Enquirer: 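Before we start, here is the structure in question, set down as structure tokens.
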Amino acid sequence: MEKKNDRGWGPYIPGVLTGLVIIASAWSAKQYFGASTCFVRASGYLESIFLPEHVTATEYFNRFVPAVDWQVMMVIGIFIGALISSISDGSFKIKAVPDMWASRFGDSPVKRGIFAFIGGMILMVGARLAGGCPSGYGLGEIVQLALSGLIVVVCFFAGGILFANIIYHGGKRK
Amino acid sequence: MNILINGLITGILFGFMLQKGRVVRYDKQVGALRLLDMTIVKFFFSAILTGMVGVIVLQNLGIAPPMILPANIGANIIGGLIFGLGWAIIGYCPGTSLGALGEGRIDALWGIMGMLVGAALFAEVFPLMNETVLTWGRLGSVTIPQVLGISPWIVIIVFISGGLGLFFWLEKKGL
């Protein structure tokens, strides 16, 4: 397990500051948070290298064309921001298998990689069917009091809690 | 300011805060889903409750036009639950996977590749979904205050009271 006191700022202060960033971007860019649409754009871009005609003919990639927009830049920024923060406070750590995963499924990076891939695939199919991810529906839509945001975020947590407890065999602690 | 630079700066600030809140890593994400460590819930709702007040003020002043995603109840629920299954396995979400990679969690890279494949798969099944699941329970781009026929500020007060109540309860329980 990670140490409790590792020079993080606790959850509340960064949370409130993120709320202020949400307000600032609604004001300055007229944009709301979201992340999963970028994966559609990036996926369409990568697929078009191999199957350009197919991507052009795919309706979904015409709705979300492979292009760089505000949200794509934001998602790239998340990587840079986390890199700056973790390197500057010494919490950056190359790690291929999370501790909690290792305690349940062993420390094989290959096994972890395969399941991370499968999980990512399932998650993205769900996100696109629902219409977005926690960034989009939570930080982008609930802040606008959208009904869709509330329904989807409740289902994200309901599904996540259900399946995480099945995967980790019920309530067995750590 | 250039819109792309605005996006990049927004993302850098968001990623910085996600990492300072220690919410991007697997142990925190799955820890919350296993109801052992509610760090991400505290972060997420602190951001939402703060953002909500400012965003509704800006929308009321006409400064920020609303962009409400439609409520498609069938797709919202089924998609949300499928997301939950994937989330429980990968332990990152699309946004936090980039942050996790930024703090050196290289397993996130496999997850990101899976997400890209998942997006391509969904693009293939979209026409089918668009005729079936996405037609179930279409309510359009509605907000909670519109559905209830009440002022947004009542909804915000309920959210903030509920959120603060949740925070106090979680702190009392030591989660």
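Per chain, numbering begins at 1; letters A, B, ... match sequence-line order. Just so it is clear, the values below take in all heavy atoms, side chains as well, and ignore hydrogens, waters and symmetry mates. What you are looking at is a predicted structure, and each value in this text was computed from that prediction instead of being measured.
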Enquirer: If you count heavy-atom pairs within less than 4.5 Å of chain A, which of B:Ser141, B:Gly118, B:Gly95 leads?
Expert: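 Maximum pair count with chain A is reached by B:Gly118.
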Enquirer: Output yes when a side-chain donor or acceptor of A:Asp69 lies under 3.5 Å from a complementary backbone atom of B:Gly7, and no otherwise.
Expert: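 Checked: no pair found.
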Enquirer: Side chains of B:Gln19 and A:Ser91: is there a donor and an acceptor less than 3.5 Å apart?
Expert: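 Side-chain D/A pair, B:Gln19 to A:Ser91: present.
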Enquirer: Top residue by heavy-atom pair count (under 4.5 Å) with chain A, among B:Leu121, B:Val133, B:Asp107, B:Ile82?
Expert: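 Winner by heavy-atom pair count: B:Asp107.
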Enquirer: Are A:Trp9 and B:Met17 packed together at the side-chain level, in the sense that at least one heavy-atom pair is separated by less than 4.5 angstrom?
Expert: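 Yes, their side chains come closer than 4.5 Å.
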Enquirer: Hey, which of B:Leu13, B:Ile63, B:Leu69, B:Val147 has the most heavy atom pairs under 4.5 Å with chain A?
Expert: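 Result: the option with the highest number of such pairs is B:Leu69.
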Enquirer: Parallel under 30°, tilted from 30 to 60°, perpendicular over 60°: which one fits the rings of B:Tyr26 and A:Trp101?
Expert: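 Ring orientation of B:Tyr26 relative to A:Trp101: perpendicular.
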Enquirer: Please check if any side-chain donor atom of A:Ser148 sits under 3.5 Å from a side-chain acceptor atom of B:Asn76, or the reverse.
Expert: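 Result is no, nothing qualifies.
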Enquirer: Verify, without hydrogens or angle tests, whether B:Thr50 (side chain) and A:Gly19 (backbone) share a donor-acceptor contact under 3.5 angstrom.
Expert: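 No: the side chain of B:Thr50 does not pair with the backbone of A:Gly19.
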Enquirer: When heavy-atom pairs shorter than 4.5 Å are enumerated against chain A, which of B:Pro70, B:Ala75, B:Pro127, B:Gly21 gives the highest number?
Expert: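 It is B:Ala75.
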Enquirer: In plain terms, say whether A:Lys95 and B:Asp27 are close enough for a salt bridge, that is, a side-chain N and a carboxylate O under 4.0 Å apart.
Expert: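 Salt bridge flag = no for B:Asp27 with A:Lys95.
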Enquirer: What part of A:Leu150 gets closer than 4.5 Å to chain B, counting heavy atoms only: side chain, backbone, both or neither?
Expert: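 Interface part for A:Leu150: side chain.
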Enquirer: Measure A:Gln144 against the heavy atoms of chain B and call it side chain, backbone, both or neither at under 4.5 Å.
Expert: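 When you check distances to chain B, atoms from both the backbone and side chain of A:Gln144 fall under 4.5 Å.
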Enquirer: According to a 4.5 Å side-chain heavy-atom criterion applied to Ile, Leu, Val, Met, Phe, Trp and Tyr, with indirect links allowed, do B:Ile77 and B:Ile68 form part of one hydrophobic cluster?
Expert: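 As far as the 4.5 Å side-chain criterion goes, B:Ile68 and B:Ile77 are not connected within one cluster.
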Enquirer: Quick one: are the ring centres of A:Tyr12 and B:Phe43 less than 6.0 Å apart?
Expert: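 No, the ring centres sit 6.0 Å or more apart.
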Enquirer: Would you mind telling me which of B:Gln29, B:Met67, B:Met113 has the largest number of heavy-atom pairs within less than 4.5 Å of chain A?
Expert: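 Answer, by heavy-atom pair count under 4.5 Å with chain A: B:Met67.
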Enquirer: Do B:Ile89 and A:Phe163 make a side-chain contact, defined as non-hydrogen atoms from C-beta onward lying under 4.5 Å apart?
Expert: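 Of all side-chain heavy-atom pairs linking A:Phe163 with B:Ile89, none is under 4.5 Å.
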Enquirer: Going by the angle between their ring planes, with limits at 30° and 60°, are B:Phe122 and A:Tyr60 parallel, tilted or perpendicular?
Expert: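 Ring orientation of B:Phe122 relative to A:Tyr60: perpendicular.
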Enquirer: How about B:Cys93 and A:Cys133: do any of their side-chain heavy atoms sit closer than 4.5 Å?
Expert: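 Side chain of B:Cys93 against side chain of A:Cys133, heavy atoms only: no contact under 4.5 Å found.
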Enquirer: Name the region of A:Ile87, side chain, backbone, both or neither, that has any atom closer than 4.5 Å to a heavy atom of chain B.
Expert: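 No part of A:Ile87 comes within 4.5 Å of chain B.
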Enquirer: Is there a side-chain contact between A:Ile122 and B:Trp87 in this structure, where contact means two heavy atoms from C-beta onward sitting under 4.5 Å apart?
Expert: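 No, too far: nothing below the 4.5 Å cut-off.
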